[in-house]
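Computed from a predicted structure; not experimentally measured.
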Amino acid sequence: MSRLDGRTAGALRPVRITPNYLKHPAGSCLIEMGHTKVICSASVEDFVPKWMKGSGKGWLTAEYGMLPGCSGQRIQRERLKVGGRTQEIQRLIGRSLRASVDLSKMGECALLIDCDVMDADGGTRTASITGAWVAMKLAARKMKEQIPLLFEAVEAGKAVAAVSVGMVSGEALLDLPYEEDSRAEVDMNIVMNADRHFIEVQGCAEGKPFSGDQLQKMLAIATPGLEELFKAQQQALHV
């Protein structure tokens, strides 16, 4: 099928990761995938949850939010209660990054990840994961002298990236913008590490159930796309 932006079925949107985008956090970046833009930051705090005190282990948690003007209709700020969708995405980001860090070797400190969507055009959660990993690496490197255990634990981990795939008009497509995502028969998010091991696969049929063959086609186009994202991450870390 012909995509509106002229891409082939297995092509990513243009990807750009700008490291150290913010002044104050230990690590940060702006990740752009097509028109989707997310600011990711990583802060390091000298504390762990009460139930972890004395364990010698560290912690990592994530927050995600969409700025009011990031989409066609203004999004209300979640001041008093975080919505179910936001909670689910925050947990996904946290799980994905914890899969890259051995918390038992980190020492008693916490990595606090923030992902704020500036412009939303599909794939905000997957862009958040990809960018957050870069922000986390930058934070650990900045804190190398102050918290060497944190640096060693993060440096030893494998890169983590994520991408969306879906079935649109019966064809498997990579990295769906909103226009395609809104009419997809199947919508999936794939999280993988640099060893090509899956961390999480989220998928659902929006209309009719999908076959095993269709699932394999989506996984097949996701892997090369993730390889490109791993390269973009490494380029951002070595600028």
Side-chain angles (χ1 to χ4, degrees), residues 15-49 58-71 75 77-79 82-83 85-101 103 106-121 123-147 149-151 153-155 157-163 189 191 199 229-230 232-239:
V15 179
R16 181 180 180 184
I17 303 176
T18 305
N20 303 310
Y21 189 73
L22 300 177
K23 176 182 178 180
H24 298 291
S28 68
C29 72
L30 168 67
I31 180 167
E32 302 171 73
M33 297 190 67
H35 295 300
T36 288
K37 300 178 183 178
V38 185
I39 296 176
C40 303
S41 63
S43 303
V44 182
E45 300 287 347
D46 186 22
F47 78 91
V48 290
W59 184 237
L60 184 155
T61 189
E63 293 189 11
Y64 165 97
M66 301 182 75
L67 299 183
C70 74
S71 70
I75 296 175
R77 298 183 190 275
E78 296 176 313
R79 290 187 175 94
V82 176
R85 175 183 180 275
T86 298
Q87 288 184 9
E88 186 266 324
I89 294 174
Q90 291 179 164
R91 291 168 181 163
L92 171 64
I93 297 168
R95 288 194 303 270
S96 299
L97 296 183
R98 287 193 292 271
S100 175
V101 182
L103 299 178
M106 199 170 119
E108 291 195 13
C109 64
L111 275 165
L112 309 179
I113 308 298
D114 288 287
C115 300
D116 293 287
V117 180
M118 298 172 63
D119 279 314
D121 186 29
T124 60
R125 71 184 67 192
T126 51
S128 294
I129 292 168
T130 303
W133 184 84
V134 172
M136 180 181 72
K137 291 282 282 190
L138 291 169
R141 291 179 180 181
K142 185 173 182 178
M143 303 298 291
K144 180 178 180 180
E145 300 300 325
Q146 297 96 315
I147 314 178
L149 288 178
L150 169 65
F151 169 77
V154 172
E155 280 293 300
K158 299 295 182 180
V160 171
V163 73
N189 299 298
V191 188
I199 295 171
L229 291 173
F230 292 135
Q233 288 175 324
Q234 294 305 320
Q235 289 172 357
L237 291 171
H238 290 94
V239 168

(message) So, using salt bridge (charged side-chain N to carboxylate O under 4.0 Å, His left out) as the criterion, who are the partners of Glu88 when residues are at least two apart?
(response)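 Expected list: Arg125.
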
(message) For Arg91, give me all partners under salt bridge (charged side-chain N to carboxylate O under 4.0 Å, His left out), at least two apart in sequence or on another chain.
(response)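 For Arg91, no residue satisfies salt bridge (charged side-chain N to carboxylate O under 4.0 Å, His left out) once neighbours in sequence are set aside.
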
If I take atom [atom1] from residue [X] and atom [atom2] from residue [Y], how far apart are they, to the nearest 0.5 angstrom?
X      : Y      : atom1 : atom2 : value
Ile89  : Thr126 : CD1   : OG1   : 9.5 Å
Leu149 : Cys109 : CG    : SG    : 8.0 Å
Met118 : Thr36  : CE    : OG1   : 12.0 Å
Leu97  : Leu60  : CG    : CG    : 5.5 Å
Asp114 : Gln90  : CG    : CD    : 9.0 Å
Ile39  : Cys29  : CD1   : SG    : 9.5 Å

What closest approach, in Å, do [X] and [Y] show between heavy atoms, and which atom pair accounts for it?
X      : Y      : answer
Ala161 : Ile129 : C-CG2, 4.4 Å
Ile75  : Cys70  : CD1-SG, 3.6 Å
Ser96  : Leu92  : OG-O, 2.8 Å
Val48  : Gly58  : CG1-CA, 4.2 Å
Ser128 : Val38  : OG-CG1, 3.6 Å
Val160 : Ser100 : CG2-CB, 3.6 Å

(message) Test: salt bridge (Lys or Arg N to Asp or Glu O under 4.0 Å). Region: residues 129-146. Which pairs qualify, not counting sequence neighbours?
(response)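 Every pair satisfying salt bridge (Lys or Arg N to Asp or Glu O under 4.0 Å) with a residue in residues 129-146: Lys137-Glu155, Arg141-Glu155.
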
Do [X] and [Y] come within less than 4.5 Å of each other through their side chains, counting heavy atoms only?
X      : Y      : answer
Val82  : Glu63  : no
Val134 : Cys40  : no
Leu150 : Met106 : yes
Tyr64  : Arg85  : yes
Val154 : Leu111 : yes
Val101 : Met136 : yes
Gln235 : Ile17  : no

(request) Carefully, step by step, assess Ile31 and Trp133 under the rule side chain to side chain contact (heavy atoms under 4.5 Å, CB included). (result) CA-CA 11 Å; Ile31 180 167; Trp133 184 84; over 6 Å; no

Report yes or no: does [X] contribute a side-chain atom to a donor-acceptor pair with the main-chain N or O of [Y] at less than 3.5 Å?
X     : Y      : result
Ser28 : Tyr21  : yes
Arg98 : Leu103 : no
Thr61 : Leu112 : no
Glu45 : Ala110 : no

(message) Can you confirm whether more than 12 heavy atoms, excluding those of Arg16, are under 6.0 Å from its CZ atom?
(response)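 At most 12 heavy atoms, drawn from other residues, nucleotides or ligands, come within 6.0 Å of this atom.
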
(message) Please determine whether side chain to side chain contact (heavy atoms under 4.5 Å, CB included) holds for the pair Asp121 and Asp119, giving the CA-CA distance in whole Å, both sets of side-chain angles, and the decisive distance to 0.1 Å.
(response) CA-CA 7 Å; Asp121 186 29; Asp119 279 314; over 6 Å; no

